[in-house]
Amino acid sequence: MIRLREATTLALTKLRTRKIRLTVTIVISGLLFSGLAAASMVAHGVIGSIGSFSKEGLGSRYIAQAYPQAAFNFMSDKSVTDRAIAIQKDTIARKKAAAKQLGISYDATSDPGPIIQYDTPGGQKQSTLNPSHAAAKQAVQEYMATHPLPDQASLAAVAKPYQSTAIYESRQISYDLGGASLQVLKDGKESFDQNSTGKNGPPSGTDSFVTSWSAMSGGLLQPFILPGQNLGTGQDDSIPIIVPNSAAEQILGLKALPASATSSERLARTKELRAKAPQVHFSVCYRNSTSANLVSQAVSTAQEIELNKNKKGYQKPELIYGLPATPCGSVPVSRDVRSKEEKTLADKQRQFDEMFGAEPAAQATFTFRIVGIVPDPDYGGPAFGVGQIIRSLVSSSLGNGWYMPYDQLTANPLIGKLFNQQTVFGGVPGYYAEFGTADQARRFIEKENCNLDYGKIGAGQDPAEICNKQGHPFSISAFGSNSLALESAKRGFGKFFRIAALVVSGIATIIMMGTIGRMIADSRRETAVFRAIGAKKMDIAQIYVTYAIFLSLLISLFAILFGLTLAMVANHHWSPEATVQAILAYNSQDLNKSFNLYALYVPDLLILTGLSLAAGMLSTSFPLIRNLRRNPIRDMRDDT
């Protein structure tokens, strides 16, 4: 009888032979398992870090965003275009009558129509509403009055069965300001360079204000407020606002970091911005369309005079507007040598224009104070890369833009007018429902979202009407964070890990079977000798099973150590980048917090070790059974 101690000694002796074959087996099998070990460590490190950071921002909240499906339903309703054409005809008739009464000329052909026609790729004529035309806006307004969109109360009713805890609202300023202008006063100065924005792609910094100014419920903004700040109107009537990172840099007069800036430099800049930004107020100049046109006229006249100043016989215009003397000031008249008749005619023309919607020149400034900072949109970089993956993982965001509290729409009448004016393709409010658990939010989105198969919608069918008939008037998606996706990712990774571990174990079994089978085959004479001196089959099997256990444990140890090395290398390379992204995304108050990309998750490591042992046992069983069935006398004779 061979005792366990002797079997262990013999197994260890066999491990010291055929070292090259043993090393190759350990490395190849270990590499397979080490990939799983590294994946487990990185995945659980990321999940743990996100869980830590998500206690701030919107990361631990479950919010769904909803937009009315019928927001642009008027686009497919011919009655709207017919009404716009009728309004235009009536307006032309009234203009002719008014011009005749005032004694001025009016050319109806100079008025653009409310319908724009264009050619499709197939060569067919299509028509759509002119978004900037007054008749088109009026027609849409009348349509919306008789076809109201579902509102905040509608969403509350839909979300109530799913135990929603709060309902919020947001609105973004329309891109169509009717000719009015908005400009952030950099260093308190107004710029009259009409070509200063949009030179190099999408607007950034303070230039992005006009296109991305939003109002949002305070319950969504609160997590992104800097320490010591609040969402109330200041004693100096300053309006609280959350600004993009690049805008905060410009307002503070800081030079933007280069694209090659290190993570430590970007983190230092984040700390600097958070320390300095709350101390800064800035102003935005609003000019209505009349005032903006006067500025434009002043600039173009000055350019014309400069271009022709040395030309003989050139005469300056009789009426010249100058640039404002103060930021956002009124536009002065610097020269007016018109005759009395010309002034009278101009005054009548002004009366005529005001009768049909033109406003007297007006301008005003809004004073803002920075209470929070959000990341800028990521327009550049590769579509798929480590940085992109990190940004998608650490998602806890309002979006990209400038955000002020929703109550400012009622507190400031002019701001309310800007946000609530009727436009053709804008001004649609967004609504948000918050839930206490991920399951409630997920079921709400799955059950109440109008998810249409557009391939099955026939020509002439209205998608919004189909949604309304189904009782799903909203288009709904997750908002603010990837908390719902993260919950699914946790379950998905567990399933992936178990399946991958089984596949790897199968491959490792085949690899180990070759090594152990060769080792058993080389030991046939030894086995025959043991059998000849009275050793039982189970005694011999004990030796090779012990060998397989040691081999499996060595493979497991190699896999865990190499997997840990891979995870630590990944952490060393990408943890600083992930840390900066997480601090910005979650508005972390602790700027010294670190985002770690690895963590030892013992259950997964035990599973890997167990599967490695199982692979070792399985790889030993077949060659061992075959070897023990052989005739020991024949093995001794054949080996001599």
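Side chain of Gln183 to main chain of Cys285: no donor-acceptor pair is present (N/O by atom type, distance under 3.5 Å, no hydrogens or angles). Judged by distance alone, with hydrogens and angles left aside, the side-chain atoms of Ser291 form no donor-acceptor pair with the main-chain N or O of Asn288 at under 3.5 Å. Within the 3.5 Å criterion, the main-chain N or O of Thr367 finds no donor-acceptor partner in the side chain of Asp237. In this structure, Glu169 contributes its side chain and Pro429 its backbone to no donor-acceptor pair below 3.5 Å. Side-chain N or O atoms of Ser296 include none that pairs as donor or acceptor with a backbone N or O of Ala292 at under 3.5 Å.
Note that the OG atom of Ser208 and the CD atom of Gln250 stand 8.5 Å from one another [nearest 0.5 Å]. Rounding to the nearest 0.5 Å places NZ of Lys276 at 14.0 Å from CD1 of Ile251. Note: Gln349 CD to Glu354 CD = 11.0 Å, rounded to the nearest 0.5 Å. Here the straight-line distance linking atom CD1 of Ile92 with atom CG of Asp107 works out to 10.0 Å at 0.5 Å rounding. In this structure, Ile173 CD1 and Met404 CE are separated by 8.0 Å, a value rounded to the nearest 0.5 Å.
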- [ ] Under the salt bridge (charged side-chain N to carboxylate O under 4.0 Å, His left out) rule, what do Asp90 and Arg94 come out as? Steps first, then yes or no, please.
- [x] CA-CA 6 Å; Asp90 177 69; Arg94 290 188 294 112; 3.1 Å; yes
- [ ] Tell me, with the steps shown, if Thr233 and Gln408 meet side chain to side chain donor-acceptor pair (under 3.5 Å).
- [x] CA-CA 9 Å; Thr233 303; Gln408 287 296 324; 2.9 Å; yes
- [ ] List the steps and the verdict of salt bridge (charged side-chain N to carboxylate O under 4.0 Å, His left out) for Arg350 and Asp353.
- [x] CA-CA 5 Å; Arg350 179 188 56 78; Asp353 292 339; over 6 Å; no
TODO: List the steps, then state whether side-chain contact (heavy atoms from CB on, under 4.5 Å) holds for Tyr432 with Leu155.
DONE: CA-CA 8 Å; Tyr432 309 83; Leu155 180 64; 5.7 Å; no
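There is no side-chain donor-acceptor pair under 3.5 Å between Gln297 and Tyr321. Between Asn293 and Thr290, the side chains place no donor N or O within less than 3.5 Å of an acceptor N or O (distance only, hydrogens not considered). Ser238 and Asp236 share a side-chain donor-acceptor pair at under 3.5 Å.
Between Tyr106 and Phe352, the ring-plane angle classifies as tilted under the 30° and 60° cut-offs.
Heavy-atom contacts from other residues, nucleotides or ligands closer than 6.0 Å to CD of Gln101 number 12 or fewer. More than 12 heavy-atom neighbours from other residues, nucleotides or ligands sit within 6.0 angstrom of NZ on Lys271.
For the pair Arg269 and Glu249, the minimum side-chain heavy-atom distance is below 4.5 Å.
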